[in-house]
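Below is one structure, written out as C-alpha cells; comments come after it.
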Amino acid sequence: MAIERYNAPEREKHWQSVWESRDVFRTVTDPSRPKCYVLEMFPYPSGRIHMGHVRNYTMGDVLARTKRAQGFNVLHPMGWDAFGMPAENAAMERKTHPKAWTYENIAAMKSQLKSMGLSLDWSREVATCDPSYYVHQQRLFLDMFARGLAYRRKAKVNWDPVDQTVLANEQVIDGRGWRSGALVEQREREQWAFKISAYSDDLLEALGTLDKWPEKVRLMQENWIGRSDGLMMRWKLADGTAPAGHDELEIFTTRPDTLFGASFMAIAPDHPLAKAVAAQNAALAEFSDECRRAGTSAAEMEKAEKKGFDTGIRAVHPFDPSWQVPVYVANFVLMDYGTGAIFGCPAHDQRDIEFAKKYGLPIIPVVAPKDEPARGKTVARIHEGAAYLDDGVMINSHFLDGLSPKAAFDEVARRLAKERIGNEPVATRKVNYRLRDWGLSRQRYWGCPIPVVHCDACGIVPVAAKDLPVVLPDDATFDQPGNPLDRHPTWRHVSCPKCAAPASRETDTMDTFVDSSWYFARFTAPDAVTPTDQAALDYWMPVDQYIGGIEHAILHLLYSRFFYRAMGDTGHAGLRNLREPFAALFTQGMVVHETYRRADVEPPQWLLPTEVSFEGEGDARRGTEIATGKPAIIGSIEKMSKSRKNLVDPDDIIAHYGADCARWFMLSDSPPERDVIWTESGVSGAGRFIQRVWRIVDDVVGGRVAKGTPQPATVGPEALEVRRIAHRVLDQVGRNIEGLRFNVAVAQLYELSNALSGALGKSGDGLDWVVREGAELLIQMLGPMMPHLGEECWARLGYNTLLVEQPWPKADPALLVDDTVVIAVQVNGKRRDELTIGRTASKDEVEAAALQLATVVRALEGRPPKKVIVVPQRIVNVVV
RNA sequence: GCGGACGUGGUGAAACGGUAGACACACAGGACUUAAAAUCCUGAGACGGCAACGUCGUGCGGGUUCAAGUCCCGCCGUCCGCACCA
C-alpha cells in the first residue's frame with residue numbers, strides 16, 4: 001500500500017509551534033553545566049534573508065543542536081546589525097523613515113528565520129539600532145574616551161562622495177567605498193578615532209594563540225597590522241643646503257645593514273622639510289601640488305610613475321662625513337608611515353632602483369651571495385635594474401664586510417646608538433605598524449550618536465551617564481543629501497553638561513562596525529543594566545564557534561578583537577578579562593548559481609532562474625526564456641546577486657520543499673568552506689532523501705518490532721553487519737559535525753540509510769530489531785540537520801518525547817571493531833590482492849598468509865621476497 | 001610585484017603516508033505500470049578484452065619512501081588577499 005508522502009511545509013509549521021510553545025531553546029546561564037557558545041554573524045536587516053544566510057545559519061544550527069544533545073548548555077542567539085546606510089537610502093527613495101523601514105525588515109526576516117527551524121533563543125534578541133542596545137555602546141564609548149582609547153583628531157580621511165561620509169581604511173577597497181563603490185577622496189577633517197594602534201603588538205602576537213582560526217584569516221590580519229622592525233636614524237643635513245631650522249632629517253628604515261649602499265634620501269611632499277623648501281621654491285611647490293592631486297585617488301596612485309624633485313639639500317652619511325647624498329621630494333613616500341622620509345638603497349630595493357636609474361644615481365651592491373659565480377651574476381643583474389633581496393653576505397661596506405645582513409643590522413644599530421647628534425643618539429631601534437587608528441565618525445543619521453557635547457568654553461564634554469542614551473530624534477528629514485542631524489532644527493542645541501552655557505551636540509554618529517564589535521558580549525546578558533554582566537561573560541565567553549563569511553576577515557574580526565581588549569581595559573570584559581572573543585572561527589563559502597541572460601543583447605539583460613526553462617544536458621543543454629520563447633544564454637556560475645539575477649528565494653524553497661530540504665542540500669556535497677552550487681536537481685535529490693527516510697520509518701513502524709523491544713538473543717551475520725554500519729556511522733557523525741565536516745557526515749548518513757533500505761526487504765535473525773535500532777539512530781543523527789523531519793519520525797517511531805530533548809546516542813565500542821579484517825596485499829607497492837584474516841593475527845601470520853596467495857606466488861616466480869612489510873590490520877607489501 | 005590557497009571521474013566530492021574515486025548529482029539498462037510520475041534493482045575512472053584479467057590513472061616534471069592525491073623541490077593553471085609601508 002502506498003504510504004502518504006511526508007508533507008514537509010505543513011509538518012514544519014507544526015513542529016515550530018511545538019518548540020515555541022514549550023520554549024525549548026531558551027538558555028539559562030548556569031555555571032554548574034559545561035557551556036558552548038555557538039554564534040553566526042548576525043545579519044543586516046536588508047529586507048529578506050538570502051541563501052547565504054540559509055547556509056550560514058544552518059551550519060551554526062546543526063552544531064548548536066548537536067552540542068545541546070551532547071549535554072552542553074548551548075548559547076545560540078540571534079540579533080540585528082540594524083544601523084547603516086541602506087535604511088537612509090530607503091528613506092530618501094521611498095519617503096519612509098529609517099526606523100520604520102528597519103523594524104519592518106526585522107519582522108519579515110525574523111519570520112523567515114523562524115521558518116528555517118533554527119534552535120535560537122529569541123529571548124536574547126538584540127537590535128543595534130534600539131536605544132536599549134546603543135545606550136550601552138555610548139557608555140562603552142565614554143569609558144574608552146576617558147581612557148584615551150577614543151579621541152578626536154584632525155586627519156586626512158577617506159571621503160566617500162556618494163554616501164557623503166568618512167570611511168575607515170579597512171572600508172576602502174581598491175580605492176573605492178566598500179558600500180557605494182565610489183572613488184574615495186582624501187580630505188582633511190576633524191573626526192573621532194579609536195586607538196586600535198595601541199594594541200598593534202598584542203593583536204599581532206595573539207594571532208598565534210588562535211589555533212582554531214583559519215590560517216588564511218590570521219595571515220590577512222598579520223599583513224594588515226604589518227609589523228616592521230627597523231631603526232629611526234637621524235642624518236645631518238650639509239651646512240648651507242637646507243632652510244634655516246632644518247639641520248637634520250630623521251628617517252625610518254628596516255635595512256640599516258644596507259647603509260653603505262645609500263645613494264639618495266626621499267621625503268614626502270607633505271614633509272615639513274619639503275614644505276619649508278617649497279615655500280621658497282615655486283617649482284617644488286608646483287611638483288608637490290601635482291603629487292597631492294594625483295594622490296586624491298588611491299586607484300590612480302597605484303599606477304603613478306615614480307617621480308622625484310631634487311631639493312638641492314645634501315644629507316651626510318652617518319659613518320662618513322665626506323659622503324653626501326641628495327635629498328629628493330618623491331611622490332611615492334607616504335607622510336603617515338614612519339617619519340615620511342627614507343634613505344634609498346637602490347641595489348636592494350626594487351622601487352629605489354627604478355628611481356635611481358631614472359635620476360642617474362649611484363647603484364652600490366652591498367649584499368651578495370657568498371659564492372662566485374653567483375655573486376658576479378647578481379651584481380651584473382643589479383646593474384641591469386633587478387634589486388637583490390635575498391640573504392647573503394655584506395660587501396663594499398667597510399667594517400660590515402663579511403657579516404650576514406642580520407649581523408650587519410645589529411652592528412649598525414649598536415654603533416649608531418653610541419653616536420650622538422646633540423645629546424641624542426643617532427639611531428634607535430623602532431617597531432612600526434601599518435595599522436592605523438580606526439576612524440569611527442560617520443556623517444550619517446542612522447547610527448549610534450556619539451555622546452559628547454562641544455562647548456566653546458569647556459571643549460569636548462562627555463554627556464553625563466544619567467543622561468544616556470543620547471537618542472536619535474525621530475523627526476529628522478531625509479529629502480536632501482548630507483547629515484540630517486546637522487540640519488535638524490533643535491537636536492544639536494544643548495547646554496554644556498559642565499558649565500551650562502549654550503553648546504553643540506556632536507552630530508557625527510558611529511561607524512556601524514562599532515555596533516557589531518561587541519554584540520556577542522551583549523548576548524550573554526541582554527537585559528543587564530550595565531553594558532555587560534561580568535558573571536555571564538565569565539561563564540559564556542569566549543564564543544566557542546563563530547561562523548561567517550570571509551569578507552569580514554579583517555574588518556569586523558579585527559575590530560572585534562580590538563574592541564574586546566578595550567572593553568577589558570575599561571572593566572567591561574568579565575573578571576577573567578579574556579582578550580580574544582572568538583576561540584574558533586569558521587569562514588563558510590558562498591552560495592553560487594548559474595546566470596542566465598537574453599541572447600544578443602548588450603549590455604546583458606539578466607534573467608531569473610524562474611524565467612528560464614531548459615532541455616538537453618551537458619554541452620547540449622539549452623535555455624529558453626519562458627515568457628518570449630527566445631533562447632537564453634546559460635552563463636557562468638557566480639555568487640548569487642541581485643545584479644546578476646541568479647537568485648533563489650529561500651521562501652520559495654521552504655514553501656515548496658520545506659526548510660529541512662534546503663538545510664540538507666546546503667550541508668550535502670560541498671565542503672562548508674568552499675562555494676556550493678545551488679542546483680534544482682540537487683534540491684530535488686535532497687527532497688527525495690527526505691521521502692526515503694520517511695518510508696524507512698514507516699516500514700519500521702508497520703509490523704516490525706515495537707519501540708523498546710529488548711535485543712534478541714541471536715543476531716544473524718546479516719543483521720550484525722547492519723548494526724556495525726549503524727554504530728560506525730554513529731561513532732563518526734558526531735565527530736564530523738563537531739569538525740564542521742557536514743558533507744562527510746551527510747555521506748555517512750546516506751550510507752546508513754542505504755544499509756537500512758537494503759535490510760528492509762530481507763528477513764533474518766534479529767534483523768527486524770536491528771533495523772529499528774538503526775532507524776532510531778538515523779533519526780537521532782539526522783535531527784540536528786533536519787530537525788522537523790526528525791521530530792516527525794521520532795513521534796512516528798512511538799515516542800512522545802521531543803527529539804530535540806534527547807541525549808546524543810552513544811556507539812557500542814564492541815561493534816566498532818570486527819573479528820576479521822580485510823588487508824590489501826601489494827607487490828612492489830601495487831595492489832594485487834586482498835586477504836581476510838583475524839583482526840588479532842600476528843605479523844608473521846599475516847605475512848605467511850599473504851605469501852600463500854596465488855597472485856603473490858605468481859609474482860615471486862619461485863624466488864624468496866626481498867622484503868615484506870606488514871602493517872597490522874592495514875596492508876602487506878611484498879617487495880620482489 | 002609580494003603573500004596565500006587550490007588543482008582527483010561527466011559533475012559536487014571522499015580518502016590517520018597504506019585497497020584512489022566512499023556518498024551524492026547527472027547518465028544508461030532493467031523491474032513495477034495501459035502509460036507517466038514515484039519507487040526499487042543493476043551498471044559505470046580511462047584504454048584493451050566476450051570474460052577472467054591486464055595496462056594506465058589524482059595539473060606537469062623530478063625527488064624521498066617498502067608504499068605518495070597526501071611529504072620535499074621546480075614548473076603550469078585557477079582563485080583570493082595586500083599593494084608605493086621604507
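Because the structure is a prediction, the values reported are computed rather than measured. Reckoned from all heavy atoms, side chains included, excluding hydrogens, waters and symmetry mates. Letters A, B, ... are given to chains in the order of the sequence lines, protein chains preceding strands, and every chain is numbered from 1.
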Quiz item: If we call it a pair only when both distances are under 3.5 Å in a Watson-Crick or G-U wobble match, what pairs with B:A24?
Solution: B:U11
Quiz item: Centroid-to-centroid, A:Trp213 to A:Phe586, below 6.0 Å?
Solution: no
Quiz item: Paired with B:G3 by Watson-Crick or G-U wobble geometry, both distances under 3.5 Å: which nucleotide is it?
Solution: B:C80
Practice problem: Can you tell me, in whole Å, how much space there is between the C1' of B:G63 and that of B:A68? | Solution: 11 Å
Quiz item: Should A:Asn754 be listed as having a side-chain N or O under 4.0 Å from OP1 or OP2 of B:A24?
Solution: yes
Quiz item: Which one, B:C84, B:A67, B:A86, comes nearest to the side chain of A:Thr254?
Solution: B:A86
Self-check item: Rounded distance in Å between the P positions of B:A22 and B:A46
Solution: 13 Å
Quiz item: Should A:Tyr750 be listed as having a side-chain N or O under 4.0 Å from OP1 or OP2 of B:A24?
Solution: no
Quiz item: For A:Arg695 and B:A38, is the shortest distance between a side-chain N/O and OP1 or OP2 below 4.0 Å?
Solution: no
Exercise. Start with the C-alpha gap between A:Val870 and A:Glu847, add the side-chain angles, then the distance that decides, and say whether side chain to side chain contact (heavy atoms under 4.5 Å, CB included) holds.
Key: CA-CA 7 Å; A:Val870 179; A:Glu847 179 174 336; 4.1 Å; yes
Practice problem: Specify the residue among A:Ala686 and A:Gly829 whose closest nucleotide of RNA chain B lies further upstream toward the 5′ end. | Solution: A:Ala686
Exercise. Check every strand shown and say whether A:Val676 touches a base, only sugar-phosphate, or nothing at a heavy-atom separation below 4.0 Å.
Key: nothing
Quiz prompt | Nearest-nucleotide pick for A:Arg434, side chain only, options being B:U19, B:A13, B:C85 | solution = B:C85
Quiz prompt | Separation of atom CZ in A:Arg227 from atom P in B:A86, rounded to whole Å | solution = 12 Å
Quiz item: When all nucleic acid strands are considered with a 4.0 Å heavy-atom cut-off, which category describes A:Val868: base, sugar-phosphate, or nothing?
Solution: nothing
Quiz item: A:Glu638 has an atom CD; how far is it from atom P of B:U78, in whole Å?
Solution: 17 Å
Quiz item: Got A:Met233 and A:Leu416 here, is their nearest side-chain heavy-atom distance under 4.5 Å?
Solution: yes
Quiz item: Nearest to the side chain of A:Asp669, which nucleotide is it out of B:C23, B:G12, B:C66?
Solution: B:G12
Quiz item: Taking the side chain of A:Ser670 as its heavy atoms from C-beta onward, which of B:A86, B:C40, B:A13 lies nearest to it?
Solution: B:A13
Quiz item: Taking the same atom, P, in B:C25 and in B:G77, what whole-Å distance lies between them?
Solution: 37 Å
Exercise. Find the partner of B:A67: check Watson-Crick (N1-N3 plus N6-O4 or O6-N4) and G-U wobble (N1-O2, O6-N3) distances, both under 3.5 Å, and reply none if neither fits.
Key: none
Exercise. Ignoring hydrogens and angles, tell me if any N or O in the side chain of A:Ser641 forms a donor-acceptor pair with the backbone of A:Arg644 under 3.5 Å.
Key: yes
Practice problem: Among the candidates B:A14, B:C56, B:A86, find the nucleotide nearest to the side-chain atoms of A:Lys830. | Solution: B:C56
Self-check item: Short side-chain to backbone donor-acceptor contact, A:Asp437 and A:Ile196, under 3.5 Å
Solution: yes
Practice problem: Select base, sugar-phosphate, or nothing to describe what A:Ser668 touches, counting heavy atoms under 4.0 Å on all strands. | Solution: nothing
Quiz item: For A:Arg674 and B:C79, is the shortest distance between a side-chain N/O and OP1 or OP2 below 4.0 Å?
Solution: no
Practice problem: Take A:Ile342 and A:Leu219, find for each the nucleotide of RNA chain B with the closest heavy atom, and name the residue whose nucleotide sits nearer the 5' end. | Solution: A:Leu219
Practice problem: Quick one: classify the glycosidic conformation of B:G9 as syn or anti, with syn meaning within 90° of 0. | Solution: syn
Practice problem: Examine B:A14: is either OP1 or OP2 under 4.0 Å from a nitrogen or oxygen in the side chain of A:Asn743? Give yes or no. | Solution: yes
Exercise. Establish, with yes or no, whether the OP1 or OP2 oxygen of B:C25 is under 4.0 angstrom from a side-chain nitrogen or oxygen of A:Thr679.
Key: no
Practice problem: Would you verify whether the NZ or CZ of A:Arg434 falls within 45 degrees of the ring axis of A:Trp224 while also being under 6.0 Å from that six-membered ring's centre? | Solution: yes
Quiz item: When rounded to the nearest Å, what value does the distance between P atoms of B:G21 and B:G43 take?
Solution: 15 Å
Exercise. Assign the ring pair A:Phe264 / A:Phe355 to parallel, tilted or perpendicular, where the plane angle (0 to 90°) is split at 30° and 60°.
Key: tilted
Quiz item: C1' atom, B:A20 versus B:U58: distance in rounded Å?
Solution: 8 Å
Exercise. Please measure how far the P atom in B:A5 lies from the corresponding atom in B:G9, and state the result in whole Å.
Key: 22 Å
Practice problem: Compare side-chain N and O positions of A:Arg688 against OP1 and OP2 of B:A26 and report whether any pair is under 4.0 Å apart. | Solution: yes
Quiz prompt | P-based separation of B:G3 from B:A83 [nearest Å] | solution = 16 Å
Self-check item: Between B:C80 and B:C73 - C1' atom distance, rounded Å
Solution: 25 Å
Practice problem: Output the single nucleotide from B:A86, B:C66, B:C23 whose closest atom is nearest the side chain of A:Ile869. | Solution: B:C66
Quiz item: Which whole-number value in Å describes the distance from A:Met220 CE to B:G4 C1'?
Solution: 10 Å
Practice problem: Output the single nucleotide from B:C40, B:A86, B:U19 whose closest atom is nearest the side chain of A:Glu834. | Solution: B:U19
Quiz item: Base, sugar-phosphate, or nothing: which does A:Val879 touch, judged by heavy atoms less than 4.0 Å apart?
Solution: sugar-phosphate
Quiz prompt | Nucleotide forming a Watson-Crick or wobble pair with B:C53, both distances under 3.5 Å | solution = B:G48
Quiz prompt | Whole-Å distance separating the CD1 atom of A:Ile677 from the C1' atom of B:U11 | solution = 8 Å
Quiz item: Under 4.0 Å between a side-chain N/O of A:Lys216 and OP1 or OP2 of B:A5, yes or no?
Solution: no
Exercise. State whether the side chain of A:Arg622 and the backbone N or O of A:Phe614 hold a donor-acceptor pair below 3.5 Å, judged by distance alone.
Key: no
Quiz prompt | Atom pair distance, as rounded to whole Å: CZ in A:Arg255 and C1' in B:A86 | solution = 11 Å
Quiz item: Donor-acceptor pair, A:His317 side chain versus A:Ala262 backbone, under 3.5 Å?
Solution: no
Self-check item: B:U19 OP1/OP2 closer than 4.0 Å to side-chain N/O of A:Arg832
Solution: no
Practice problem: Starting at atom CE of A:Met335, determine the distance to atom C1' of B:C85, rounded to an integer number of angstrom. | Solution: 14 Å
Quiz item: Donor-acceptor pair under 3.5 Å: do we get one between A:Lys866's side chain and the base of B:C66?
Solution: no
Quiz item: In this structure, are over 12 heavy atoms from other groups packed under 6.0 Å from A:Lys358 atom NZ?
Solution: yes
Practice problem: Kindly point out which of B:A22, B:G4, B:C56 is positioned nearest to the side chain of A:Glu751? | Solution: B:A22
Self-check item: Rounded interatomic separation in angstrom, taking CH2 from A:Trp213 and P from B:A5
Solution: 18 Å
Quiz prompt | Pairing partner of B:U33 (Watson-Crick or G-U wobble, both distances under 3.5 Å) | solution = none
Quiz item: CD of A:Gln732 versus P of B:A22: gap in Å, rounded?
Solution: 16 Å
Quiz item: What's the closest nucleotide to the A:Arg874 side chain, out of B:C16, B:A86, B:C82?
Solution: B:C16
